[in-house]
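The next block holds one structure in the form of structure tokens; read it before the comments.
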Amino acid sequence: MSKKKLYKSKDKMLFGVCGGIAEYFNTDPTIVRLGTVLLSLFVGSGLLAYIIAIIIIPEKPSKTD
């Protein structure tokens, strides 16, 4: 049984963070992107969380590595 790991998505709009989170939870990336925007607008912490995720979440390794 292999462990799931969180990586930035290759199918990205900005940095691949929302796409990567959607792949990890096996959901639609549009829902994650919408949630991020709503969190940023109404709570204010969404933008900070997104910037931290850009720094922390690694790129997906290529198949040749």
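Two different hydrophobic clusters hold Leu41 and Leu47 under the rule that ILVMFWY side chains link at heavy-atom gaps under 4.5 Å. Linking ILVMFWY side-chain heavy atoms closer than 4.5 Å, directly or via other members, places Ile56 and Leu48 in a single hydrophobic cluster. Residues Ile52 and Leu39 are members of separate hydrophobic clusters, defined by side-chain heavy-atom contacts under 4.5 angstrom among Ile, Leu, Val, Met, Phe, Trp and Tyr. Phe25 and Leu6 fall within a single hydrophobic cluster, where Ile, Leu, Val, Met, Phe, Trp and Tyr side chains are chained together by heavy-atom contacts under 4.5 Å.
Residues Ser9 and Glu23 come closest through the heavy atom pair OG-OE2, 2.9 Å. Counting all heavy atoms, side chain and backbone alike, Ala22 lies closest to Pro29 at CB-CA, 3.5 Å.
Remark: Asn26 pairs with no residue by the side chain to side chain contact (heavy atoms under 4.5 Å, CB included) rule, at least two apart or across chains.
Atom CD1 of Ile31 sits about 12.0 Å away from atom SG of Cys18, to the nearest 0.5 Å.
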(request) I would like to know whether Lys10 and Lys60 meet side-chain contact (heavy atoms from CB on, under 4.5 Å); could you show each step before the answer? (result) CA-CA 7 Å; Lys10 298 290 184 189; Lys60 186 179 280 189; 4.0 Å; yes
(message) Set out, in order, the CA-CA distance, both residues' side-chain angles and the distance that settles side-chain contact (heavy atoms from CB on, under 4.5 Å) for Leu14 and Tyr50, then state yes or no.
(response) CA-CA 11 Å; Leu14 289 177; Tyr50 191 81; 3.6 Å; yes
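A cation-pi arrangement is absent between Lys5 and Tyr24 under the rule of less than 6.0 angstrom and at most 45 degrees off the ring axis.
Counting non-hydrogen atoms of neighbouring residues, nucleotides and ligands closer than 6.0 angstrom, the CZ atom of Phe15 reaches no more than 12 such neighbours.
Among pairs with a residue in residues 27-43, none fulfils side chain to side chain donor-acceptor pair (under 3.5 Å), at least two apart in sequence or across chains.
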